[in-house]
Amino acid sequence: MKILVATSNSDKLVEYKKALSIPEIELMLPEESIDVIEDCNTLMENSRLKGIAYFNRFKLPVLADDTGLFVHALNGAPGVHSARYSTKGTYDANVIKLLKELEGITERRAFFETVIFFKSDEKSEYFFSGKCHGTILSERTCSEGFGYDPVFLPDGYELSFSQITLEEKNRISHRGLAVAKFKKFISHHKDIIK
Ligand code: IMP
């Protein structure tokens, strides 16, 4: 069973492969990425937009997702705009902007949310979501790391997302929880993928 992961982000594929280890399922990256403009207002709409574009092009079961970091003190920003929060849009520039926006603010609660869209044929459409609550640290815990990981402290932890192992992150993270729901679903419905 082949499932296309609608992304060109190899960080994401690594996380998916670790989290979704079902022997019968082979996760693949597309031969070429499609430039989908994710300009919707919700994670659900954006993930669907991306998933439909890849399904229509490659005619394979597709898994697409959209994630946002929602910071309470910033009225939910960066939210659906998490990838393009700063003008430059790099992980580094996004983190710098976030820390600047939160300078002097003590209320630093935030959550990550992921919505996964899955489409296995012309008719079907499924959604799975996961959330992870935590706080934004006042400085980075390391110089590099996936997205906002270096400044996100998950609830109940003393280490940021970049300081814990990928196995641990997958166990508690927004994406990990959404993938777990998808994994449960697909394990019970293997017939829908040929
Ligand atoms: P995407 O929808 O998965 O591409 O995520 C949008 C943006 O959110 C990414 O460009 C990252 O900056 C950020 N992001 C997504 N997932 C994570 C995560 O697990 N940790 C930190 N940042 C993330």
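Just follow the structure's listing: the first ligand is 1, and inside any ligand the first atom is 1.
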- Query: What protein heavy atom sits nearest atom 7 (C) of ligand 1, and how far off is it?
  - Reply: Ala83 N, 3.7 Å

- Protein heavy atom at shortest distance from atom 4 (O) of ligand 1: Lys12 NZ, 3.4 Å

- Query: Are Leu29 and Val179 linked, directly or through other ILVMFWY residues, by side chains that come within less than 4.5 angstrom of each other?
  - Reply: yes

- Can you sort out which atoms of ligand 1 are near Lys169, meaning under 4.0 Å from one of its heavy atoms? 18 (C), 19 (O), 20 (N)

- With the threshold set at 4.0 Å, does a side-chain nitrogen-carboxylate oxygen contact exist between Asp66 and Arg48? no

- For atom 23 (C) of ligand 1, what is the nearest protein heavy atom, given as residue, atom name and distance? Phe112 CE2, 3.7 Å

- Query: If you measure from each heavy atom of Asp66 to ligand 1, is any distance below 4.0 Å?
  - Reply: yes

- For atom 8 (O) of ligand 1, closest protein heavy-atom neighbour: Ser82 CB, 3.5 Å

- N or O pair under 3.5 Å between Glu38 and ligand 1: no

- Is the closest basic N to carboxylate O distance between Asp155 and Arg109 below 4.0 Å? yes

- From CA spacing to verdict: side-chain contact (heavy atoms from CB on, under 4.5 Å), Leu63, Phe117: CA-CA 6 Å; Leu63 202 153; Phe117 169 81; over 6 Å; no

- Of all protein heavy atoms, the one nearest atom 20 (N) of ligand 1 is Asp149 OD1, 2.5 Å

- Item | Atoms in ligand 1 with a heavy atom of Gly147 nearer than 4.0 Å | 11 (C), 12 (O), 21 (C), 22 (N)

- Message: Give me the residue, atom name and distance of the protein heavy atom closest to atom 16 (N) of ligand 1.
- Response: Arg175 NH2, 2.7 Å

- Contact atoms of ligand 1, heavy-atom distance to His174 under 4.0 Å: 16 (N), 17 (C), 18 (C), 19 (O)

- Query: With ring centroids as reference points, do Phe185 and Tyr126 lie under 6.0 angstrom apart?
  - Reply: yes

- Query: Parallel, tilted or perpendicular: which describes the rings of Phe161 and Phe112, with under 30° parallel and over 60° perpendicular?
  - Reply: parallel

- Query: Does Thr67 reach ligand 1 with a nitrogen or oxygen that is under 3.5 Å from one of the ligand's nitrogen or oxygen atoms?
  - Reply: yes

- Query: Using a distance-only test with no angle check, is there a side-chain donor-acceptor pair under 3.5 angstrom linking Asp65 and Tyr16?
  - Reply: yes

- Query: How does Phe146 reach ligand 1, by side chain, by backbone, by both or by neither, if only non-hydrogen atoms under 4.0 Å count?
  - Reply: both

- Regarding Asn94 and Ser86, is there a side-chain donor-to-acceptor distance under 3.5 Å anywhere? yes

- Query: Going by atom types alone, do Tyr157 and Glu168 pair a side-chain donor with an acceptor below 3.5 Å?
  - Reply: yes

- Say whether Phe152 and ligand 1 are in contact under the criterion: heavy-atom distance to a ligand atom below 4.0 Å. no

- Minimal non-hydrogen separation, Phe127 against Ser47, with atom names: CE2-OG, 4.0 Å

- Note on the structure: Ranked by distance from atom 22 (N) of ligand 1, the top protein heavy atom is Tyr148 N, 3.0 Å

